[in-house]
Amino acid sequence: MLHARHTEPDTPDRLHAHRDRWQRLFRGQEGELRQVREWLTGLLPDGPARDDLISVAAELATNAIQHTASGNGGWFSVEVAFLPPVVRVAVTDEGASSAPRLTEDPFSEHGRGLLIVNALSAASGVCGTARGRT
């Protein structure tokens, strides 16, 4: 779910749930990262995988804020889907002129967040265009 810039989401709590899928819309601001973590902590069952899922979502949300139009007064969404035996977490942003780039250098000053995402994920990928990516 992606809303146009500067528009309010259609529900006051900004949460949409469908059986085994939950999605929430967040403002493209650094302060929302705490809200992402709190929402996922309350949503996901306690266990060793929960911290990994929260770390992946926080890294992707940080990238949305720092590197896409979401961080310029826009929005990003976080979706969690239970697809037994896995849990899928996806962050959708409002796009950027260049696609995400993974650095191979773990000591680089930039790009290490995607290394963390790849290390904690069974699979990862990017889809979309400069108008919005998941």
Side-chain angles (χ1 to χ4, degrees):
M1 171 177 59
L2 192 60
H3 289 272
R5 280 188 212 194
H6 309 295
T7 61
E8 291 294 326
D10 55 359
T11 60
D13 65 358
R14 301 185 293 170
L15 172 65
H16 299 272
H18 302 279
R19 290 182 94 189
D20 295 330
R21 184 178 71 104
W22 293 263
Q23 186 174 39
R24 184 168 169 184
L25 188 64
F26 297 90
R27 292 183 188 278
Q29 301 169 351
E30 294 283 334
E32 292 285 90
L33 296 173
R34 180 172 159 245
Q35 297 299 318
V36 169
R37 289 184 190 95
E38 288 177 0
W39 177 61
L40 292 173
T41 298
L43 178 67
L44 300 169
D46 193 15
R50 180 173 76 177
D51 290 341
D52 289 350
L53 286 165
I54 292 170
S55 293
V56 166
E59 286 295 335
L60 295 174
T62 299
N63 283 353
I65 293 166
Q66 292 180 350
H67 303 294
T68 76
S70 295
N72 294 322
W75 301 84
F76 67 93
S77 68
V78 178
E79 179 181 349
V80 177
F82 290 103
L83 307 166
V86 300
V87 177
R88 178 181 182 262
V89 61
V91 174
T92 301
D93 61 47
E94 292 188 354
S97 58
S98 62
R101 289 172 294 173
L102 177 67
T103 181
E104 297 297 325
D105 180 5
F107 301 107
S108 173
E109 288 189 35
H110 302 286
R112 292 187 312 227
L114 293 178
L115 287 175
I116 293 168
V117 168
N118 284 343
L120 296 176
S121 303
S124 64
V126 177
C127 64
T129 67
R131 295 178 55 127
R133 290 190 176 87
T134 300

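Source: prediction; values computed, not measured.
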Take Q35 and F26 through the side-chain contact (heavy atoms from CB on, under 4.5 Å) test and state the conclusion after the steps.
-> CA-CA 8 Å; Q35 297 299 318; F26 297 90; 3.9 Å; yes
Could you walk me through whether V56 and S121 pass the side-chain contact (heavy atoms from CB on, under 4.5 Å) check?
-> CA-CA 8 Å; V56 166; S121 303; 3.8 Å; yes
Take T41 and I54 through the test side-chain contact (heavy atoms from CB on, under 4.5 Å) and record every step on the way to the result.
-> CA-CA 7 Å; T41 298; I54 292 170; 3.4 Å; yes
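Listed for the R27 side chain is no donor-acceptor partner under 3.5 Å among the backbone atoms of G71. Between the side chain of D93 and the backbone N or O of R133 there is at least one donor-acceptor pair closer than 3.5 Å. Side-chain N or O atoms of T92 include none that pairs as donor or acceptor with a backbone N or O of T134 at under 3.5 Å. The main-chain N or O of W75 is found under 3.5 Å from a side-chain atom of E94 such that the two form a donor-acceptor pair.
Between L120 and S55, the shortest heavy-atom distance links the atoms CD1-CB, 3.8 Å. Nearest heavy atom pair, residue S97 against residue A130, reads CA-CB, 4.4 Å.
Two residues are said to be in side-chain contact when any heavy atoms from C-beta on lie closer than 4.5 Å; T68 and N63 fail this criterion. W39 places none of its side-chain heavy atoms less than 4.5 Å from the side chain of L44. No side-chain heavy atom of L40 sits less than 4.5 Å from a side-chain heavy atom of L53.
How far CG of L25 is from OG of S77: 6.5 Å, rounded to the nearest 0.5 Å.
Residue pairs meeting the salt bridge (charged side-chain N to carboxylate O under 4.0 Å, His left out) criterion with at least one member in residues 50-71, sequence neighbours excluded, are D46-R50. Sorted by first and then second residue, the ring pair (Phe, Tyr, Trp, His ring centres under 6.0 Å) pairs involving residues 40-66 (not counting sequence neighbours) form an empty list. Under the ring pair (Phe, Tyr, Trp, His ring centres under 6.0 Å) criterion, no residue pair touches residues 114-134, with sequence neighbours excluded.
Shown here are the salt bridge (Lys or Arg N to Asp or Glu O under 4.0 Å) partners of E38, two or more places apart in sequence or in another chain: R34. Looking at residues two or more places apart in sequence or on another chain, you find a side-chain contact (heavy atoms from CB on, under 4.5 Å) between V86 and L83. Under the rule for a side-chain contact (heavy atoms from CB on, under 4.5 Å), the partners of L33 that lie at least two apart in sequence or sit in another chain are E30, R37, A61, T62, I65.
Cluster annotation: F76 is not connected to V126 through the hydrophobic network of ILVMFWY side chains, with a link wherever side-chain heavy atoms come within less than 4.5 Å.
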